[in-house]
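Reviewing the structure listed below.
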Amino acid sequence: MAWVLKMDEVIESGLVHDFDATLSGIGQELGAGAYSMSDVLALPIFKQEDSSLPLDDETKHPPFQYVMCAATSPAVKLHDETLTYLNQGQSYEIRMLDNRKMGDMPEITGKLVKSIIRVVFHDRRLQYTEHQQLEGWKWNRPGDRLLDLDIPMSVGIIDTRTNPSQLNAVEFLWDPAKRTSAFIQVHCISTEFTPRKHGGEKGVPFRIQVDTFKQNENGEYTDHLHSASCQIKVFKPKGADRKQKTDREKMEKRTAHEKEKYQPSYDTTILTECSPWPDTPTAYVNSSPSTAPTFTSPQQSTCSVPDSNSSSPNHQGDGVSQASSEKLQPSATIQETQQWLLKNRFSSYTRLFSNFSGADLLKLTKEDLVQICGAADGIRLYNSLKSRSVRPRLTIYVCQEQPSSTPLQGQQQAAGSGGESGSGTPYVYHAIYLEEMVASEVARKLALVFNIPFHQINQVYRQGPIGIHILVSDQMVQNFQDESCFLFSTVKAENGDGIHIILK
């Protein structure tokens with residue numbers, strides 16, 4: 001019996017030994033040394049794929065490069081865009097470098113190109129409301145510009161220009177074959193566009209963007225060549241230096257492993273390629289002394305004396321045909337859509353909708369327009385697209401009295417003889433639409449319709465019984481009957497300064 005038990009122990013130990021050896025063999029086959037990544041990448045299938053990838057020489061080569069002489073922040077993570085801190089009002093050099101290879105773009109060899117430098121918002125939300133943001137800044141800083149060129153320090157730039165309506169852009173000509181450096185000054189700071197809550201808010205980032213154009217066949221610099229931009233934040237004087245020092249000290253306190261997640265700080269900032277700024281470049285002809293606007297509306301430029309329609313922008317005269325002609329049609333081209341925006345007082349959004357046709361604009365919902373244009377202009381644009389006119393609270397018809405006519409007789413003839421004076425000259429009345437039932441609205445609309453300087457109108461009177469003059473008050477206007485007819489005349493004020501208007 002003991003012999004049998006001993007044999008069982010021997011057999012069992014042998015089986016365990018064989019099983020361990022088997023597992024050991026499996027481990028050797030699947031070990032890290034069995035398959036190396038270099039051997040895998042050496043397989044023919046991977047070699048074939050590598051050979052199909054484009055070489056560095058085959059990648060697109062930008063014709064220009066713009067380098068701003070300002071250090072980048074060290075507190076930017078890898079694969080994120082660089083961030084550069086600038087001091088308000090300090091001059092910073094942007095080097096305009098010709099990066100073309102031999103034989104690239106021979107059409108600009110020996111010729112000048114035009115570059116436009118802009119400071120714009122980085123956040124998409126602020127880009128949609130750029131016009132309102134800049135108008136608010138202009139109101140708080142009258143006479144100042146967001147961006148200026150330091151011309152005495154700049155080198156190689158020719159014919160510099162600034163447009164009073166574009167406070168955030170400067171433009172100039174330069175020769176790519178010569179050394180060119182443009183020194184810029186940014187006068188707005190990032191916290192000026194941050195909602196004031198409790199202090200210490202982070203400032204919004206800006207972008208410095210450079211767009212370069214060449215001449216077309218008409219001699220205008222409108223053919224786009226290259227665009228590049230970088231992200232910046234602007235601080236009060238010396239604030240950028242303190243922020244850079246703070247970021248550097250924070251990075252020094254991090255461990256070596258954490259530092260690997262961040263970019264190093266570079267002495268200069270290279271502007272990276274981007275899409276051109278969505279704006280039709282201005283006509284920049286050598287023989288033209290001033291910058292031509294991007295779009296002109298013949299309806300606006302030919303209007304000299306306002307007619308009855310101009311008394312109320314929301315009221316489009318009499319007749320359905322005129323109202324239908326003012327409505328934007330889905331078949332409208334991009335150019336017709338731009339004209340419609342200009343004619344309906346949306347000129348500040350022509351650049352934003354520069355590629356929109358009538359159908360594109362009509363597809364936008366009310367919420368879309370409010371988000372893009374802000375609450376006030378978004379609702380107004382939506383109502384204009386849907387032809388929603390505001391009905392006036394009161395309509396009156398006014399005619400300026402002829403010097404030779406008798407007021408009361410003229411009024412009776414206008415009512416009883418087809419609106420003609422005793423001499424056969426018809427009385428031409430203008431419709432005035434009042435959205436507010438106040439006396440000042442009457443004076444303002446009369447000044448607008450009959451081309452009278454509003455500041456010269458002292459008082460408005462209504463002629464009463466036996467020729468007395470009754471001061472037109474808000475209460476009197478509220479008691480006017482709708483579609484009342486008036487003749488009016490003007491008399492000089494007693495002190496000789498201004499005039500009085502008398503309604504009859």
Side-chain angles (χ1 to χ4, degrees), residues 37-38 41 53-56 59-62 64-97 99 117-127 146-147 181-195 197-211 226-275 277:
M37 186 56 67
S38 59
L41 294 177
L53 294 175
L55 300 176
D56 292 341
T59 58
K60 185 179 178 181
H61 193 74
F64 303 106
Q65 190 175 56
Y66 317 114
V67 180
M68 184 166 61
C69 296
T72 61
S73 169
V76 178
K77 291 187 176 182
L78 290 173
H79 310 298
D80 285 351
E81 185 180 11
T82 60
L83 177 60
T84 305
Y85 303 133
L86 304 183
N87 287 316
Q88 178 190 23
Q90 182 173 329
S91 296
Y92 290 92
E93 180 185 8
I94 297 181
R95 297 173 182 171
M96 319 290 289
L97 305 177
N99 200 35
I117 302 179
R118 293 180 176 89
V119 54
V120 296
F121 291 111
H122 174 77
D123 295 339
R124 183 74 63 183
R125 175 182 58 85
L126 292 173
Q127 289 179 10
L146 283 86
L147 183 68
S181 290
F183 282 78
I184 63 167
Q185 297 172 338
V186 183
H187 299 291
C188 56
I189 59 176
S190 296
T191 52
E192 287 184 286
F193 301 96
T194 304
K197 295 180 181 179
H198 50 74
E201 292 84 5
K202 291 185 177 180
V204 299
F206 300 122
R207 300 196 69 80
I208 294 291
Q209 176 153 340
V210 181
D211 299 292
H226 182 247
S227 294
S229 65
C230 67
Q231 185 182 190
I232 65 168
K233 277 191 176 182
V234 185
F235 297 82
K236 290 183 179 180
K238 303 295 184 181
D241 305 323
R242 289 192 294 269
K243 178 62 175 173
Q244 187 80 358
K245 181 181 178 182
T246 302
D247 286 357
R248 186 168 59 250
E249 290 175 349
K250 287 182 179 180
M251 292 305 300
E252 290 175 354
K253 294 178 182 179
R254 296 183 182 273
T255 63
H257 179 69
E258 290 177 334
K259 290 180 180 179
E260 293 178 355
K261 301 177 182 179
Y262 291 85
Q263 302 180 19
S265 176
Y266 299 100
D267 294 336
T268 58
T269 303
I270 298 178
L271 280 65
T272 56
E273 281 193 283
C274 64
S275 300
W277 189 251

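Because only heavy atoms are used, hydrogens play no part in the values below, and waters and symmetry mates are left out as well, while side chains stay in.
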*With D247, which of M251, K243, K245 fulfils side-chain contact (heavy atoms from CB on, under 4.5 Å)?*
K243
*asked:* Test of understanding: with ring-ring contact (aromatic ring centres under 6.0 Å, His included), list the residues that count as partners of F235, not counting sequence neighbours.
replied: Y85
*Measuring from I189:CD1 to F206:CZ, what's the distance to the nearest 0.5 Å?*
8.5 Å
*What heavy-atom pair brings L86 and A70 nearest, and what distance separates the two atoms?*
CD2-CB, 3.9 Å
*Under 4.5 Å between any side-chain heavy atoms of M68 and L271, yes or no?*
yes
*Who passes side-chain hydrogen bond (donor to acceptor under 3.5 Å, both in side chains) against T269, sequence neighbours left out?*
T84
*What are the two closest non-hydrogen atoms of V234 and V186, and how far apart are they?*
CG2-CG1, 3.8 Å
*asked:* I'd like to check the side-chain hydrogen bond (donor to acceptor under 3.5 Å, both in side chains) partners of T82; sequence neighbours left out, ordered by chain and number.
replied: none
*asked:* According to ring-ring contact (aromatic ring centres under 6.0 Å, His included), who are the partners of Y262, at least two apart in sequence or on a separate chain?
replied: none
*Under 3.5 Å, side chain of N99 to main-chain N/O of P62, donor-acceptor pair present?*
yes
*Do Q90 and P237 come within less than 4.5 Å of each other through their side chains, counting heavy atoms only?*
no
_Minimum-distance pair of heavy atoms, taken over all atoms of Q263 and K77_ = NE2-O, 3.1 Å
_Minimum heavy-atom distance E192-H187, with the two atoms named_ = OE1-O, 4.2 Å
*Sequence-distant partners of H226, side-chain hydrogen bond (donor to acceptor under 3.5 Å, both in side chains), two or more places apart*: Y66, E273
*Heavy-atom check, side chain of R118 versus side chain of D211, under 4.5 Å*: yes
*asked:* Can you list everything that forms a ring-ring contact (aromatic ring centres under 6.0 Å, His included) with Y92? Sequence neighbours excluded, please.
replied: none
*Which heavy atom in H122 sits nearest to a heavy atom in E81, and how many Å separate them?*
CE1-OE1, 3.9 Å
*Is any side-chain heavy atom of C274 less than 4.5 Å from a side-chain heavy atom of Q209?*
yes
*Are V119 and I184 side-chain neighbours, meaning at least one heavy-atom pair lies under 4.5 Å?*
no
*asked:* Quick check: do K233 and S73 have side-chain heavy atoms less than 4.5 Å from each other?
replied: no
*Is the closest side-chain heavy-atom distance between F183 and E93 below 4.5 Å?*
yes
